[in-house]
S.K.: 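Please see the structure below; I have some questions.
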Amino acid sequence: MRMSLKEEFNKIKEDFFHISKQLYDHPELGDEEYESMELLVNYLRSHDFEVETGLVDRPTSFRAEFKGEKDGPTIAFLAEYDALPGIGHGCGHNLIATMAIGAGVVLSKQLKDIGGKVIVLGTPAEETNGAKVPMSEQGTFDDIDVAMMVHPAGESEESGATLAMDAIQFAYTGKAAHAAAAPENGINALDAVIQLFNGINALREHVPDDIRMHGVISEGGQAANIVPERAVAQFYFRAEKREDLDEVLKKVTNIADGAALMTGATVEMSNYEISYDNMITNQALSDAFTKNLKSISPRPVKPAAKPGGSADMGNVSQVVPAIHPYVGMNDANLNFHTTAFADQTITDDGREAITSAVLSLAQTGYDVIKNKDLFQAIKEGFSKK
């Protein structure tokens, strides 16, 4: 049956290369991906998928469904298609979207024989305000048995973990005064922010090694001769496990309140971006995908690296068995979020990554539907996690 999947892919592979190039040529920012969404859903409709748009109040999201003639597991492939400001598809989301719809269409051609259901989910704004978070919270995955997506990279890598992340803003309010003539009448909000940084830096010695705390002063005052009435810091806090991150944030909240108390300012804490949970890779599903990728791709597949970033796929993995592996583009020196990375996606190496990912995803979906033992192992692994 593998040859049948490959034959189906070869019939329409030029469509996928064209879609990837179209997305590259017309990058759109998160929650503004209207043309990108239309390109993807129109193609899925042309292959008899039923499409719904505007999930979870996100206009550029979509759900495309193709159902076989017999009951069976529901396989979801997740598409991202938002770009980066000034860079375009420097994270390769043009490939991610193409890989997802490619796998969905190729696998759909087999469902008449094997049953089951294929869903392609369009998930906007991964870079900023990830739609997978409200999708995970509002039931989008309730009828889905496994969720898969593939990310391009310099080298191929097994699915691993990502870090839970909270993006917290600390807005301090003080009292303006002439900094030379009447400083005693002022309350320095910038001093409060500086004490916040000092406290967080002192906390670093007393947190686990996986904790990451990094921030900037986004507002620091208007002029040196005016006591700053308002000052704002923005931080990312990350950890390998959500429960550890929550404990750290309790300590950070005390530091923020202490900085306000020390200076006489007041503080307001808020999330300035959506929070992400840590990724829990389903090992049975990951092993099946890795086996297929190694048999299809000529390039080596590295073990999962230690997590260093965060993604909204982590929230998905909390509610459904999920994987988020990487497929390489034959350049170990590539860096994410660069124009060089974007340009690599439309080379022969980028097209080879599409081929490897589409076939590996489709074959893994096929295996989950046909192999009852694999499906059971996936469910049992998820229950244990």
S.K.: If we ignore angles and hydrogens, is there a donor and acceptor under 3.5 Å between the side chains of S159 and S286?
M.R.: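 Judged by distance alone, the side chains do not pair up.
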S.K.: Look only at the side chain of T347 and the backbone of Q344, and say whether a donor-acceptor pair between them is shorter than 3.5 Å.
M.R.: yes
S.K.: Apply the salt bridge (Lys or Arg N to Asp or Glu O under 4.0 Å) test between D277 and each candidate in R242, K241, K132; give the one that qualifies.
M.R.: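 Testing each of R242, K241, K132 against D277, the sole residue satisfying salt bridge (Lys or Arg N to Asp or Glu O under 4.0 Å) is R242.
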S.K.: Answer yes or no: is there a donor N or O on one side and an acceptor on the other, between the side chain of Q318 and the main chain of N278, under 3.5 Å?
M.R.: yes
S.K.: Strictly distance-based, threshold 3.5 Å: is any side-chain N or O of T162 a donor or acceptor partner for the main-chain N or O of S310?
M.R.: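 No, the answer is negative, given that no donor and acceptor are paired below the 3.5 Å cut-off.
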S.K.: Go through the structure and list residues passing side chain to side chain donor-acceptor pair (under 3.5 Å) with N315, not counting sequence neighbours.
M.R.: none
S.K.: Verify, without hydrogens or angle tests, whether R212 (side chain) and A239 (backbone) share a donor-acceptor contact under 3.5 angstrom.
M.R.: no
S.K.: Whether the E28 and S36 side chains hold a donor-acceptor pair (N or O, under 3.5 Å, no angle test) is what I'd like checked.
M.R.: yes
S.K.: Check the side chains of E8 and S4 for a donor-acceptor pair under 3.5 angstrom, ignoring hydrogens and angles.
M.R.: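 Absent: no donor and acceptor within the cut-off.
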S.K.: Spell out, as yes or no, whether a donor-acceptor pair under 3.5 Å connects the side chain of Y172 to the backbone of A256.
M.R.: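 Such a contact is found between Y172 side chain and A256 backbone.
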S.K.: Determine whether the aromatic ring centres of residues H151 and F336 are separated by less than 6.0 angstrom.
M.R.: yes
S.K.: Ignoring hydrogens and geometry beyond distance, is a side-chain donor-acceptor pair present between D15 and Y43 at under 3.5 Å?
M.R.: yes
S.K.: Is the closest side-chain donor-acceptor distance between Q283 and D287 under 3.5 Å?
M.R.: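 Per modelled atom types, Q283 and D287 side chains form a pair under 3.5 Å.
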S.K.: Does the ring centre of H337 sit less than 6.0 Å away from the ring centre of F341?
M.R.: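 Not close enough - the centres of the two rings lie 6.0 Å or further apart.
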S.K.: Quick one about H206 and K251 (side-chain donor to acceptor, distance below 3.5 Å, no hydrogens or angles considered), yes or no?
M.R.: no
S.K.: In terms of side-chain heavy atoms, does D143 have a donor or acceptor partner in T74 at a distance below 3.5 Å?
M.R.: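 D143 vs T74: no donor-acceptor pair found between side chains.
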S.K.: Are R238 and Y236 in a cation-pi contact, defined as NZ or CZ under 6.0 Å from the six-membered ring centre and within 45° of the axis?
M.R.: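 So R238 does make the cation-pi contact.
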S.K.: What about the rings of H89 and Y24, do their centers lie closer together than 6.0 Å?
M.R.: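 Between H89 and Y24, the centre distance exceeds or equals 6.0 Å.
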S.K.: Quick check, are the ring centers of F235 and F197 under 6.0 angstrom apart?
M.R.: yes
